Amino acid sequence: MPQTVDIVIIGAGFAGLRALYSFREQGFSVAVLERDDEVGGVWNFNRYPGARCDVESFDYSYRFSSELEQEWRWSERYATQPEILEYIRHVADRFDLRRNIEFNTTVTGASYDEANARWTVSAEDGRSWSAQFVVLAMGQLSTPKNTTYPGQEDFRGQIYYSARFPREGVDFEGKRVAIIGTGSSGVQMTPVVAAKARQLTVFQRTANYSIPAANAPVSDEEDAYVKAHYAERRDQARNSPSGLGFKPDPRSATEVPEEEREVAFEKAWNRLGFGFALVFKDILLNEASNAIASDFIRRKIAEQVDDPWTRDKLTPRGFPFGTRRPSVDGGYFRTFNRDNVRLVDISETPIEGFTPTGLKTSAEECEFDIVIYATGFDAFTGSLLKPEITGRAGQTLKQKWADGPISQLGLATAGFPNLFIIVGPGSPSLLANVLLSSEDQVDWLTDLFVKARDEGISEVEATAEAERAWGEYVNERAKETLYMQTPSFYNGAEIPGKPRVFMPYSGGVRHYRLLMERCAGEGYSGFELRKERQKASAG
Ligand code: NAP
């Protein structure tokens with residue numbers, strides 16, 4: 001017999017825990033189904049050396065409890081993965097959330113019973129749950145790519161994936177190590193591994209832009225200041241497009257005199273991390289402005305790398321800064337000045353496979369004790385499409401989204417009543433502070449569920465018309481930006497054969513929140529809200 005609850009949440013990461021807290025506060029019975037034995041989602045899995053958040057700790061934290069805000073003490077401007085995991089574990093304990101979480105529970109499917117307007121959610125071990133609402137809080141970067149090379153099974157060394165790093169850590173001391181991939185994960189782990197390993201070889205396919213993190217300990221004065229002004233800080237973040245609180249110069253970079261521009265870029269380079277992309281209002285919108293920013297970064301990279309060949313190879317070219325997710329680094333480029341570190345350009349000399357003792361490219365054979373894949377994820381839809389989710393008339397989500405995800409406001413899709421997605425495709429998601437975005441969406445969903453309960457609404461379903469319009473709007477907004485110029489995980493290019501559509505909403509968290517508020521204010525426009533007696537004739 002399935003267990004009966006009001007709401008099933010899939011995933012006990014930041015979004016899932018916040019949803020559990022808020023739904024439970026309103027008196028709903030909730031079950032959170034989590035595949036691992038711990039909370040934390042990506043912060044539980046991405047334990048690779050050097051993993052830390054690119055969003056400042058004070059902003060990458062929950063806003064729902066001022067007591068929590070006041071009592072938690074972040075130690076660094078950019079928190080490490082262990083500290084973030086400690087934070088989310090603290091939240092789970094502090095708010096007694098674990099009692100509603102089913103750990104070690106991998107969801108294999110969910111199917112909608114149209115006659116009863118309820119979902120049955122099934123787990124790998126045979127257990128199931130019956131719920132009116134299902135909320136998918138499964139993350140956008142939670143299904144790692146399963147990159148392999150021929151001969152891998154015969155390799156005598158150790159192989160690790162950045163997103164499934166062993167809990168007990170890996171000892172690099174005296175080892176010959178390969179890192180494949182130079183996205184945020186590869187860029188973050190490179191300096192840390194280099195400091196321990198005997199030799200480190202980084203296999204790069206595409207050079208990316210990276211900004212220094214300018215990480216530093218949080219002083220007592222800064223901590224006290226932020227805590228005294230937290231409400232303002234949150235407000236500023238929520239009302240900035242990125243959810244990071246940056247207020248761009250309202251001028252185009254092209255309008256600003258060169259000398260003044262250089263000063264602004266230099267200041268941002270030395271302090272702002274991601275905020276570098278937001279120094280002027282149009283860096284991600286206007287090719288000429290972007291070219292100025294890209295050129296500045298290229299000059300900065302050149303200053304950091306001694307060897308001319310390596311410098312050239314590490315220099316990103318051919319795509320605008322920010323249109324692939326830039327990294328925020330802790331000394332990445334300078335690491336290549338170390339004697340024990342070497343770059344291999346696999347766009348020129350591709351990896352052909354493993355040998356029993358290492359890797360073979362089209363040009364050479366190298367021996368390694370450890371090979372680390374930092375090759376990224378099946379982003380946005382990878383985790384959402386893993387379980388077999390079956391809506392009305394036997395249609396699966398995979399079938400519905402065969403040509404790309406389509407949804408009303410990124411929150412729900414027609415044919416799948418009472419099923420909602422947090423920070424999924426069609427919402428600001430990875431283009432903004434995802435934690436802030438998830439709290440906005442949970443607040444919106446909480447109000448909707450309370451309304452449904454109070455008014456006896458048994459079904460909430462996105463309309464086909466609304467999701468078509470939202471898809472068109474998301475595309476229109478994307479066309480205003482430079483994002484579509486570059487193949488990236490923002491547009492499905494990270495997996496061969498994946499639909500090439502722009503996944504996130506690029507209009508910013510503030511505008512998105514206003515649209516959600518408008519939707520609710522209009523009685524949830526773009527959704528059909530059906531009461532018990534209307535249900536049978538619907539669909
Ligand atoms: P990623 O950005 O997708 O980078 C993957 C890297 O692996 C790229 O350099 C890619 O090259 C390369 N690659 C992919 N498939 C390959 C293959 N078959 N052979 C060789 N190279 C291959 O992945 P990621 O570094 O894990 O980062 C993903 C996202 O996670 C980030 O953008 C960020 O949103 C998040 N993240 C955040 C943080 C943080 O907040 N600090 C840290 C880590 C990750 P191409 O570019 O040529 O495809």
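Just so you know, residue 1 is the first one in the sequence shown, and it goes up from there. Because the structure is predicted, anything quoted here is derived from the model rather than measured. Both ligands and their constituent atoms are indexed starting at 1 by order of listing.
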Exercise for review: Have a look at ligand 1 and work out which part of I180, if any, has a heavy atom under 4.0 Å from it: side chain, backbone, both or neither.
Suggested key: side chain
Check your understanding: Does any N or O atom in W43 lie less than 3.5 angstrom from one in ligand 1, N or O only?
Key -> no
Point to revise | E439/R18 salt bridge by N-O under 4.0 Å criterion | key: yes
Check your understanding: Among protein heavy atoms, which sits nearest to atom 18 (N) of ligand 1, and what does the distance come to when rounded to 0.1 Å?
Key -> T147 CG2, 3.4 Å
Review point. What atoms in ligand 1 come closer than 4.0 Å to a heavy atom of C53?
Key: 40 (O), 41 (N)
Study note, to complete from the structure: Note: I346, heavy atoms under 4.0 Å from ligand 1, region reported as side chain
Review point. Backbone, side chain, both or neither: what part of T206 comes under 4.0 angstrom of ligand 1, heavy atoms only?
Key: both
Check your understanding: Taking distance alone, with no angle check, do Y48 and ligand 1 share an N/O pair under 3.5 Å?
Key -> no
Check your understanding: Can you tell which part of F203 has a heavy atom less than 4.0 Å from ligand 1: side chain, backbone, both or neither?
Key -> neither
Study note, to complete from the structure: re atom 17 (C) of ligand 1, the protein heavy-atom contact at minimum distance is R205 NH1, 3.5 Å
Review point. How does K145 reach ligand 1, by side chain, by backbone, by both or by neither, if only non-hydrogen atoms under 4.0 Å count?
Key: side chain
Check your understanding: Any heavy atom of Q188 sitting closer than 4.0 Å to ligand 1?
Key -> yes
Practice item. Please indicate whether any nitrogen or oxygen in A374 is less than 3.5 Å from any nitrogen or oxygen in ligand 1. Key: yes
Check your understanding: With ring centroids as reference points, do F246 and F274 lie under 6.0 angstrom apart?
Key -> no
Review point. Under a 4.0 Å heavy-atom limit, does F274 contact ligand 1 with its side chain, its backbone, both, or neither?
Key: neither
Exercise for review: Using a 4.0 Å heavy-atom cut-off, say whether R324 meets ligand 1 through its side chain, its backbone, both or neither.
Suggested key: side chain
Review point. What atoms in ligand 1 come closer than 4.0 Å to a heavy atom of T182?
Key: 6 (C), 8 (C), 9 (O)
